[in-house]
Amino acid sequence: QEQLVESGGGGVQAGDSLRLSCAGSGRTSRQYSMAWFRQAPWKERDFVAAISVSGGNTYYADSVKGRFTISRDNAKNTGYLQMNSLKPEDTAVYYCAAGLVPTHQTNFYSYWGQGTQVTVSS
């Protein structure tokens, strides 16, 4: 059973940066595509970014393109989301997910972390 644990969230000012981490505890996490989603209060869970198993292909939501960077270190079983130039509208609980394909659709991901809160103040 794969388990994912996010870390790195917190409260920052607009324009600041944060780096989220997603550590996989199982032996197979490096065999899965990984993604980040976020969910603001009373809103649906939205796609943020995804990365292929090798790390060679990355995908981003238009709202974060140019500001966020997804990466992974398969040797450490860990994925990352570097978030720069943060805006108040980036405030949400951020979730990492692992699945067979790097897609924006939540139902393609079998494993989810518990989420980490990111709050951006203006």
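These numbers come from a predicted model, not from an experiment.
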Show me the donor-acceptor pairs, under 3.5 Å and distance only, between side chains in residues 97-105 and residues at least two apart or in other chains.
from, atom 1, to, atom 2, distance (Å)
Thr103, OG1, Gln105, N, 3.2

Once you round to the nearest 0.5 Å, how far does OG1 of Thr116 lie from CG of Leu18?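 Reported to 0.5 Å precision, the distance equals 8.5 Å.
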
All ring-ring contact (aromatic ring centres under 6.0 Å, His included) counterparts of Phe68, not counting sequence neighbours: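 ring-ring contact (aromatic ring centres under 6.0 Å, His included) check on Phe68 returns nothing, list empty.
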
Counting neighbours of CD on Gln3 that are heavy atoms of other residues, nucleotides or ligands and sit closer than 6.0 Å, is the number greater than 12?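 Atom CD in Gln3 is not packed in, count stays at 12 or less.
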
Contacts of type side chain to side chain donor-acceptor pair (under 3.5 Å), residue Thr119, not counting sequence neighbours: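 Counting only residues at least two positions away or on another chain, Thr119 forms a side chain to side chain donor-acceptor pair (under 3.5 Å) with Gln117.
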
Go through it in stages, so that I can follow the logic: the residues are Arg38 and Phe47, the test is side chain to side chain contact (heavy atoms under 4.5 Å, CB included), and I'd like the CA-CA distance, side-chain angles, deciding distance and then a yes or no. CA-CA 7 Å; Arg38 65 186 182 186; Phe47 171 75; over 6 Å; no

Counterpart residues, side-chain contact (heavy atoms from CB on, under 4.5 Å), relative to Ser110 (two or more places apart):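 None.
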
Please test Leu86 against Thr91 for side chain to side chain contact (heavy atoms under 4.5 Å, CB included), starting from the C-alpha separation and ending with a verdict. CA-CA 9 Å; Leu86 282 161; Thr91 295; over 6 Å; no

Tell me every residue that passes salt bridge (Lys or Arg N to Asp or Glu O under 4.0 Å) with Lys43, counting only those two or more places apart in sequence or in another chain.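 So Lys43 forms no salt bridge (Lys or Arg N to Asp or Glu O under 4.0 Å) with any residue.
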
For Arg45, enumerate each residue passing the salt bridge (Lys or Arg N to Asp or Glu O under 4.0 Å) test, keeping only those at least two apart in sequence or located in another chain.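 Per chain and number, Arg45 pairs via salt bridge (Lys or Arg N to Asp or Glu O under 4.0 Å) with no residue.
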
Is there a chain of hydrophobic side chains (I, L, V, M, F, W, Y, each step under 4.5 Å between heavy atoms) that links Tyr32 to Tyr80?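 Per the 4.5 Å side-chain linkage, Tyr32 and Tyr80 are not co-clustered.
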
Could you go through Trp112 and Phe37, starting from their C-alpha distance and side-chain angles, then the distance that decides it, and tell me whether this counts as side chain to side chain contact (heavy atoms under 4.5 Å, CB included)? CA-CA 10 Å; Trp112 292 84; Phe37 290 79; 3.5 Å; yes

